[in-house]
Asks: 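Questions regarding the structure given below will be posed in turn.
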Amino acid sequence: MHVVYPGSFDPLHNGHFDIIARASKLFERVTVAVLENPSKRGQWLFSPEERVEIILEAVQNAKLTNVEADTFGGLLAEYTKQQGSRVIVKGLRAVSDYESELQMAHLNRQYGNHPETFFIMAATRWSYVSSTMVKEIARYGGDVGKLVPQATIEALKGKLLVSQ
Ligand code: PNS
């Protein structure tokens, strides 16, 4: 089965990576789909293309050969259909994620080819990690080495958020 794992991934952190690794064991093919939303462009640290590069490097480092990364715009359900998939994978960190994820799962099922959403519970050790917090900690000089894959560290160095 081919599944789509969508998100902003700005940048990829260990919680995301854990979901990717677990999905890659369950499904034949995983497409990590990076949201490309021009209206938010100014708020992003990494361009969609840079985020795809980080994801590809992380999955190559981990030898997850059935994982690919791509950017998408517009409706996720339509993108999922274009990919020939009918399953969206999402990670759930806490009960607070559930409400909006439930809403999105129901709405997504009304578009495209009516994709089902498959939830994977985030590992507890990463359940408190978010991209927003990773960026904030890095900006203030905190060590994010335990929170993100090496590929993200290298990319943060490129943005001068992590010292060389
Ligand atoms: O990592 P994020 O920011 O929580 O990911 C949110 C994402 C990309 C999954 C969500 O914003 C999305 O699916 N956007 C695509 C537009 C769309 O289909 N919206 C309707 C969903 S109900």
Side-chain angles (χ1 to χ4, degrees), residues 1-24 26-27 29-59 67-139 144 147-149 151-152 155-156 159 161:
M1 192 181 285
H2 177 195
V3 300
V4 172
Y5 173 41
S8 301
F9 305 108
D10 185 43
L12 180 77
H13 58 64
N14 285 345
H16 297 135
F17 189 79
D18 173 57
I19 301 293
I20 293 171
R22 287 160 64 194
S24 83
L26 286 172
F27 302 107
R29 186 173 161 205
V30 179
T31 298
V32 183
V34 172
L35 180 67
E36 188 182 280
N37 182 348
S39 69
K40 276 191 176 176
R41 226 169 233 278
Q43 301 159 27
W44 280 334
L45 179 60
F46 294 101
S47 70
E49 296 72 26
E50 287 171 325
R51 288 178 265 152
V52 164
E53 281 306 310
I54 296 170
I55 294 162
L56 287 177
E57 203 181 314
V59 300
V67 180
E68 59 210 65
D70 188 17
T71 59
F72 82 102
L75 286 181
L76 173 63
E78 296 297 342
Y79 172 79
T80 304
K81 181 181 174 183
Q82 276 168 28
Q83 289 289 308
S85 168
R86 292 192 64 181
V87 180
I88 294 166
V89 165
K90 289 286 194 83
L92 274 182
R93 287 173 297 195
V95 176
S96 50
D97 285 341
Y98 180 75
E99 206 169 331
S100 63
E101 291 297 345
L102 181 70
Q103 183 183 26
M104 283 193 272
H106 283 307
L107 286 171
N108 282 328
R109 208 149 56 86
Q110 295 181 37
Y111 295 92
N113 56 1
H114 314 291
E116 294 290 348
T117 303
F118 186 100
F119 291 103
I120 297 181
M121 306 308 149
T124 46
R125 63 189 296 225
W126 307 124
S127 62
Y128 57 88
V129 182
S130 72
S131 296
T132 305
M133 289 305 164
V134 165
K135 284 182 283 194
E136 184 164 310
I137 293 165
R139 264 193 201 106
V144 292
L147 308 178
V148 300
T152 302
L156 288 168
K159 298 280 176 191
L161 283 189

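Both ligands and their constituent atoms are indexed starting at 1 by order of listing. Just so we're clear, the structure is a prediction, and the values are computed from it rather than from any experiment.
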Asks: Using a strict 4.0 Å cut-off to heavy atoms of Phe72, name the atoms of ligand 1 that fall inside it.
Replies: 15 (C)
Asks: Does Arg109 have more than 12 heavy atoms from other residues, nucleotides or ligands lying within 6.0 Å of its CZ?
Replies: no
Asks: I'd like to know whether Asn108 forms a side chain to side chain contact (heavy atoms under 4.5 Å, CB included) with Ile88, so could you lay out the CA-CA distance, the side-chain angles of the two residues, the decisive distance to 0.1 Å, and finally the verdict.
Replies: CA-CA 9 Å; Asn108 282 328; Ile88 294 166; 3.9 Å; yes
Asks: Counting each atom of ligand 1 from 1 as listed, which ones have a heavy atom of Asn108 under 4.0 Å away?
Replies: 21 (C), 22 (S)
Asks: Would you kindly say whether His13 and Thr152 are connected by a side-chain donor-acceptor distance under 3.5 Å?
Replies: no
Asks: Below 4.0 angstrom from a heavy atom of Gly7, which ligand 1 atoms are there? Numbered from 1 as shown, please.
Replies: 1 (O), 5 (O), 8 (C)
Asks: Would you say Met104 has any N or O atom under 3.5 Å from an N or O of ligand 1, going by distance alone?
Replies: no
Asks: Mark yes or no for whether Asp70, through its side chain, and Ala33, through its backbone, hold a donor-acceptor pair below 3.5 Å.
Replies: no
Asks: Return yes if some donor-acceptor pair links the side-chain N/O of Thr31 with the main-chain N/O of Val4 below 3.5 Å, else return no.
Replies: no
Asks: Below 3.5 angstrom, do we get any N/O pair linking Ser8 and ligand 1?
Replies: yes
Asks: Okay, side chain of Arg22, backbone of Ala122: is any donor-acceptor separation there less than 3.5 Å?
Replies: no
Asks: Which option wins on minimum heavy-atom distance to atom 8 (C) of ligand 1: Leu35, Asp10, Val4?
Replies: Leu35
Asks: Between Leu75, Leu76, Leu107, which one has a non-hydrogen atom sitting closest to atom 20 (C) of ligand 1?
Replies: Leu75
Asks: Which ligand 1 atoms does Gly74 reach within 4.0 Å, using its non-hydrogen atoms?
Replies: 15 (C), 16 (C)
Asks: With rounding to the nearest 0.5 Å, note down the distance linking CD1 in Ile137 to OG in Ser130.
Replies: 8.0 Å
Asks: Just jot down the ligand 1 atoms closer than 4.0 angstrom to any heavy atom of Lys90, in number order.
Replies: 9 (C)
